[in-house]
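Chain letters run A, B, ... following the sequence lines, proteins first and then strands; every chain starts at 1. No hydrogens, no waters, no symmetry mates; every other heavy atom, side chains included, goes into these values.
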Amino acid sequence: MNWNSKDLDTYFQQKEYIDTLLVPLLKIDTTPEQLKASTSSTEFLMHLSNFIETQFKGRMMVMPPFTYTQSTSLNEMGEVLQKDLQQLEFKHIFYLTTDREWTDVETYGEMIWIPSIPLESMDKQLRQTIIEDQLRQVLPTLTKKWTGE
Amino acid sequence: MSKNRVSRRQFLSYTIMGVGGFMASGTIMPMLRFAVDPVLQKEGEGDFTATPQKVDELTETPVRVDYTIVDREDGWYKSDESYSAWVYKEGDKVIALSPVCKHLGCTVNWGGDKNHPDQFFCPCHDGRYYKNGDNVKGTPPIGPLDEYLVMEKDGYVYLGGTTPNTLV
Ligand code: FES
């Protein structure tokens, strides 16, 4: 499911099935020499979360990316998310990010860190293969949570 | 002076500006993509799209065929929309099924469940379908997988819009 009103209605009716929240965490780095890398990782994260959404539409609500710039305190942001996301009644919460710094932050839910791959220079087919490969990396984390109860 | 007073007109114009600002804001653009998505997925009937799949390489075992409808513009970036189908041959007839699960819309895979290698499997809530798309009773899906309209041209498979399953 996507974070829009139509999908939210479906969510309300099918809560028992849609038990997982995916929160993409998107860093925008505004230092000039990082701009290119920043757009590249943005594209990567968006592609990957969209792909995960189509694969697991019926089980997951995929949020729009939570976006922050490089001076943001991740500890604070993590605390706020922890507090606020808890109010949603999802059994499982996953974060998806290419920003390695999140791996040191305490969060409510499971952090999935995945290094960004520059997709922009690839043709369609290769890009799809890469994204699928990345999903395969992420998959064990998801299924472990899903089946581990 | 009038700092604390917001007239009706001001209020209205704030609201409108608010909406405009919302639309223009770069960080919110991905949401637009989400919002626009269902519209994009609706395909016009009668439009067929070429796939890279050769007809004579098909067998009775479903294979995943990915194809792209080019130049779809959406809020996030100009992108080509990707679609998939499960395609196989039944005698001389080419059959293409939609991978979209009829329960809540996850993507199904052929042979995705080790215990049922000859069925489609939905990983979300263990939904299953027979090869013709019929849903296995007792699993969550409430109907059979949709079928794509299929056309053969120059030895390749062309796919059109989806229709309710005619094989079940
Ligand atoms: S979405 Fe396929 S079984 Fe629930």
_Is there a path of hydrophobic side-chain contacts, each under 4.5 Å between heavy atoms, that joins A:Leu88 and A:Phe66?_
yes

_Counting only heavy atoms not in A:Glu110 (residues, nucleotides, ligands), do more than 12 fall under 6.0 Å from its CD?_
yes

*Which of these, A:Met60, A:Arg59, A:Gln55, sits in a side chain to side chain contact (heavy atoms under 4.5 Å, CB included) with B:Cys124?*
A:Arg59

*asked:* Rounded to the nearest 0.5 Å, what separates atom CD in A:Gln125 from atom CG in B:Asp66?
replied: 7.5 Å

*Is it true that B:Val87 and B:Phe120 fall in one hydrophobic cluster, defined by side-chain heavy atoms closer than 4.5 Å?*
no

_Less than 4.5 Å apart, side chain to side chain, heavy atoms only: is that true for B:Thr68 and A:Lys124?_
yes

*Would one find more than 12 heavy atoms of other residues, nucleotides or ligands at under 6.0 Å from atom CD of A:Gln86?*
yes

*Count the heavy atoms of every other residue, nucleotide or ligand shown that sit under 6.0 Å from CG of A:Asp133, and state whether that count exceeds 12.*
yes

*Residues of residues 9-16 of chain A near chain B, each having a heavy atom less than 4.5 Å away*: A:Thr10, A:Gln14

*CD (A:Glu76) with more than 12 external heavy atoms under 6.0 Å*: no

*To the nearest 0.5 Å, tell me how far A:Asp7 CG sits from B:Leu104 CG.*
10.5 Å

*Proximal component of A:Met1, with respect to chain B [non-hydrogen, under 4.5 Å]*: side chain

*Step through the shown structure and confirm whether more than 12 heavy atoms of other residues, nucleotides or ligands are within 6.0 Å of NZ on B:Lys137.*
yes

*Closest non-hydrogen atom pair, B:Cys106 against A:Gly58*: SG-N, 2.9 Å

*Any chance CD of A:Glu120 has more than 12 other-residue heavy atoms, nucleotides or ligands included, within less than 6.0 Å?*
yes

*ILVMFWY cluster, B:Val168 and B:Leu145 together (side-chain gap under 4.5 Å)*: no

*Would a distance-only check, ignoring hydrogens and angles, find a side-chain to backbone donor-acceptor pair under 3.5 Å from B:His125 to A:Tyr17?*
yes

